[in-house]
Every structure is written in C-alpha cells, then in structure tokens.
Amino acid sequence: MKDILFYFVVIAYVTAGYGENSAPDQCQALSPLSQCPMDIPSMKLLKKLYEESPDKNVIISPIGVFTLLSLYASGSEKQSRDEVMQLLGFNYFTQLLDCYSGLSEMFSFMNQKYIILANKVLVSDKYTINDGFSYTTSLYKSEVDKKNFENQTAAAEAINKWSSEKTNGIINEPVSASDIDADMAVALFNVIFLKDKWHVPFSVANTKDQDFYVDRSTVVKRPMMHLKHPLYYYDDKNMGAKMVMLPYKGTGFRMVIVLPNEMDGLPQVLEKFSETRLMDSVNKMRPQGDKVYLYMPKFEFKTKIELNDILPKVGVTSIFEQGSSGVVKERTVSVSKALQQTFIKVDEEGSTAGAFTGFLFMPTSLENPKSEPIPFKAHHPFLYVILQNDFVLFAGTYTH
Ligand SMILES: *[C@@H]1O[C@H](CO)[C@@H](O)[C@H](O)[C@H]1NC(C)=O
C-alpha cells in the first residue's frame, strides 16, 4: 500500500460516569447536556490557534475556555453575551448556561483520580460579588474567595497552588506576579485534568524511532508506537480523512485519531471541521472486523496561549472592551487578560492532560457597561481532540 497520509485527530471520549467510583446515574440525571454542541466552536478555536502559532504543535482546552466565557457572560451586557452565544452556537442564553453549568456539575461527580474539572472565582477585597453572579457561580460548582491583589506575589502563589493541586502538579505555575494587577477586581479560573490508561496498551518494545514527515520535504525521527488491533474505524471521504478510535480503561473514555488523506492536508481538515460537525464523523465509526495497524508518535508538550489574541479572531471582542455590570456591585469590569496553559503527554500506557484557564478583570468606568490490517501511520503533522461524550476537553495539533 502506498504511503497513506497521516494527519489525524485524536479524540478521547467518555460517557457519563468514570471508573469504579463514579456515579453514572447522577450524571445521566443532569440532562440538558445533550444540547451542548462543542465540536464546531472547538475546531474554530483550534484552527485560529494553529494559524497563529509559529510552532504548529498546539493544544487548547476548549471546555476550559467555554466554561469561563459562559460564566462571565452571565454577568455581562448584551453585546458580550451575544458574541459568546454566537461562538458557542446557542440562540438562548439560558440553554448555554444550562449546558456549561451542567458540565461543571457533571464533572464534579466523577472520580477525581482520573478526571477533574474545577472552577474558582477570586474577588478583590475591595469589591462585593453581585448576587446574581454569585448564584451562577454556585451552579458552576465554583469556589469563591476574597483576595487582596495588592500583594501580587502572594496572589499569584495562591492561584498557582490551586492549579498545582488540581492538576497533580503538571500545571504548577500558570501565572506569575506580573500577570496580576493590584487594581484587579475579579479573576475567574478553570482547571481540567485527565489521566487514563489505554484499554489495550501499546507495547513499549515495539516503539521505534521512525520517520515523521513534518511536510513533504522535511523528515525527522520520532518515537513511533505500534498497535495492531480491531479498532473502531471510519474512512470519511467528505472530510478527506480516516479515523481510528482508541478506548481508555475508564468506562466510556476514548481517543479518536483522524488522519487527513493528504500529507499537507491539516489546514484543510481544520477548516472543514470548523464548519462541519466532527461528531457526525465520529459517530460513523464502526468496529473493524479486520485489524487496524496503528502507528502514532508518543509525544509530550506544554503550551501557553494568549487568549486575548485568539478570542477576537473567533468573534469574541466585547468582553475585552465593554464593561459588564453584573459581576461585582461597585463597578463595571472587563477582561484585561485571558490566558491558558496546557499540558499533554501521550505514550504507550495512556494519556495525561491538563489545562489551566484564567480570565482577569479590571474595573472599568461606571457609566458604560478487511484481512489485511489497515495501515494507519501517523507519521506527519496531525490534529487531535480529547472528548468526554461530545464535549471537547482538549484539542491540539502535533507537527514535529
Ligand atoms: C507578599 O507575599 C509574599 C509571599 O506570600 C510575602 O513573602 C511578602 O512578604 C508579601 N509582601 C508584602 C509587602 O506584604
């Protein structure tokens, strides 16, 4: 067989409930989550991030960004709210709020050994949280603490300690004292952490340094893992990509790898999936009677994303420009800084991934508010997302 081209999307995904200590019944009782489409906005965000990144190995946690956007929008004025609804694909704000607060609640029931999603709100001791916003934070299962931001070092230390605890130390210093402004009014934070083993691990002995095609003319050696197994598979002719699914041990968790047919097809695949639902393709995957022979690199990296640069490119600008009156009582506030730090490690045993997202707010003015194994060789740039059900926990690209 000719060298098949191997861009791909990796998707890990979970059904409600996790592992032996989870409470699936409670999770399923939290309903409006079926109305929570996250694939298109996630791919829009990933596509912009990929286009902006000189490095092209990028990863983002869409759920972290969308959770904070939706929480903030609950306390913000019409235009900010409309932009968030537009990006996230909702016509009614109550539905958007049900979706993302429901997700935070659902994750709070899951086994924290494997999956953590947590929110935190810090309010300056000079301000009082708005009653309505305070109620919304409770729906998001968010901790709310008072903080004196004047000692920037101490504030950064407190935030970093929280992130480190929630992510088992993999994201231990997402902010520095220089990120904190003494006049800050409010800060919203989200962390997500996932650690799970493959249902069928790759054999470490089979991992070998092999060619990875950064582009048509650049070849590097990368540690390629190998697995021959009857995996879920789908050849998506419309999208010009093939997909494979790798289940994790935890009930319902799985990673799907989507491999563009063209060696340099990653930008086109990102483009297509920013307009056409990835889940429609994922749901067409079927168990393959014949084995799939999967080659994929093991990899590990950490990135820091300036969301101030990315969000306006997907239509979210007003949160940075216009004051919102529903967050604290004394003043309107707007986002002065939005950032995310993300980590991912994928190896023979499984995956560990984590993200810290922070939105920092400054006060604004008062006035303005077959029999042959199917070769699946991921040996050049690819795209991946990690999902829980249809919810995009992480999305990234690996290119070198
Ligand atoms: C600020 O906090 C740091 C770390 O907690 C502490 O060492 C320092 O003394 C504090 N500075 C002031 C001026 O209070």
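Note that the numbering runs from 1 along the sequence shown for the chain. Counting starts at 1 for both ligands and their atoms, following the listed order.
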Handout entry: Y135 ring center near F133 ring center (under 6.0 Å)
Key = no
Practice task
Would you please indicate yes or no on a ring centroid separation below 6.0 angstrom for Y127 and F361?
Solution key: no
Practice task
May I ask you to check whether Y295 and H226 place their ring centres under 6.0 Å from each other?
Solution key: yes
Problem - Co-members of F149 in a cluster of I, L, V, M, F, W and Y side chains, linked at under 4.5 Å - result: I116, L122, I159, W162, I170, I171, V175, I180, M184, F189, V191, F193, L339, F343, F356, L360, M362
Handout entry: Step-by-step salt bridge (charged side-chain N to carboxylate O under 4.0 Å, His left out) determination, R277 to D39
Key = CA-CA 6 Å; R277 297 205 57 181; D39 46 2; 3.0 Å; yes
Exercise for the section: Please determine if K56 forms a cation-pi arrangement with Y50, meaning its NZ or CZ atom is less than 6.0 Å from the six-membered ring centre and no more than 45° off the ring axis. Expected result: yes
Using a cut-off of under 3.5 Å, which N/O atoms of ligand 1 pair up with protein N/O atoms, and what distance separates each pair?
| unit_1 | atom_1 | unit_2 | atom_2 | d |
| --- | --- | --- | --- | --- |
| ligand 1 | 2 (O) | N151 | OD1 | 3.2 |
| ligand 1 | 2 (O) | N151 | ND2 | 2.4 |
| ligand 1 | 5 (O) | E157 | OE1 | 3.3 |
| ligand 1 | 11 (N) | N151 | ND2 | 2.8 |
| ligand 1 | 14 (O) | N151 | ND2 | 3.3 |

